[in-house]
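Just follow the structure's listing: the first ligand is 1, and inside any ligand the first atom is 1. In this text the structure is predicted, and so the values were computed from the model without any measurement.
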Amino acid sequence: MGSPDLPNTPARLVVDVDTGIDDALALLYLLASPDADIAAVLCTAGNVPVDQVTANTLAVLEMCGRSDIEVAVGAQVPLVAPLMTTEDTHGPLGVGYAELPPASRAPSARSAAEAWVELTRTHPGELTGLVTGPMTNLALAIRMDPDLPRRLRRLVIMGGCFNHPGNTTPTSEWNVAVDPEAAREVFDAFSGLPDSQRPIVCPLDVTETIEMHAVHVARIAEAAESLPAEVLSPDDPRGLRSRASNMVVRHLSDSLRFYMEFHRDQNLGFLAHVHDPFAAAVALGTIQYTTKPATVDVELEGRLTRGTTIADWAGMWGREPNADIVTGTRPEAFFEHFVARVGAFARNLKLPFSNN
Ligand code: BDR
Ligand code: CA
């Protein structure tokens, strides 16, 4: 296993999300991370409509005591395609069975695309972008300011699948399938950059090995000193709610139960693929993984293949690589790290109106 492509130093991040159960987990992990400095969280339509994404994002930040972090509203719809959302995967409100207390503040006055442009102008070369939803906001920002890719220290994308089946169509991954035109514009815009600025792409090939099981939830609860023991079982009645004393554990458990039930309905077992937290750990440089450079393009025309990401690994197109694709990691090392961080954060969080 090689070294991470990103150094293990405090990272200043712009995070673009479609919160979403695993986006919420990624945010929780970043908020639990002393080596993450979040400049802004930008919202895009995807798993649920953008207003719900924004409400979820604000609620997660407020629950974690971080109402100081800017949240900006982004695209209501993809660049060209009609919006599709996936409440069957993420629940009617996007956070499974969790009922997050609504946030008491409004989002930022500027749009997500404006925030991408302005933040990278204010901090050129400093910011790591992390996109865990469709790439609509970033594509709009690059249309406004084509130099934007050069001003990012690095971009990490959760999206695509290469030598692996899709999760939306037989060959396409959700974040790309929702807005294939945006994904294509982003990959094009990052072509011709120095190797050190190539986007790091976390595809389903690897993120579907990041299987969260009931035991991981139990360990987080234990580390958080939450009572009673948090035992999620496939034999539980569907939709059973957590009684955890710790509020973070309760919401995490209620949202993950929904996600695990969804995966079980897909014959994948009582587990959850937590794609976005893995991408967040890549952005922080806190885990080991391997990458391989390739030229990535997105199919827009195919009758059956629209939204498919294609990697030219061998340079057959005669175009320089525009992505470093993550090809492997050690999932158990990721979960050891994730459980310890999130558990300790939940234990130490001083929540208003709770016994934590
Ligand atoms: C991606 O799709 C979304 O449903 C998840 O939040 C993740 O970002 C996985 O394909
Ligand atoms: Ca997502």
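Closest to atom 4 (O) of ligand 1, if we only count protein heavy atoms, is N47 OD1, 2.7 Å. At the shortest separation from atom 2 (O) of ligand 1 among protein heavy atoms lies W174 CD1, 3.2 Å. Atom 8 (O) of ligand 1 has its closest protein heavy atom at D276 OD1, 2.7 Å. Closest to atom 6 (O) of ligand 1 among all protein heavy atoms lies D22 OD1, 2.5 Å. Of all protein heavy atoms, the one closest to atom 1 (C) of ligand 1 is E173 OE2, 3.3 Å.
Residue-level proximity to ligand 1 for D23 is carried by the side chain, the only part with a heavy atom below 4.0 angstrom. Heavy atoms of T168 found under 4.0 angstrom from ligand 1: none, in either backbone or side chain. Neither the backbone nor the side chain of H273 comes within contact range of ligand 1; no heavy atom lies under 4.0 Å. If you look at L204 next to ligand 1, the close heavy atoms, those under 4.0 Å, all belong to the side chain.
Inside a sphere of radius 3.0 Å centred on the Ca ion (ligand 2), the protein N/O/S atoms present are D18 OD1, D23 OD1, D23 OD2, T132 O, D276 OD2.
Ring orientation note: the planes of Y289 and F278 are nearly perpendicular, at an angle over 60° on the 30°/60° scale. Ring pair F262/Y259 is parallel by interplanar angle, where below 30° counts as parallel and above 60° as perpendicular.
D205 contributes no side-chain N or O that, together with a main-chain N or O of T327, makes up a donor-acceptor pair within less than 3.5 Å.
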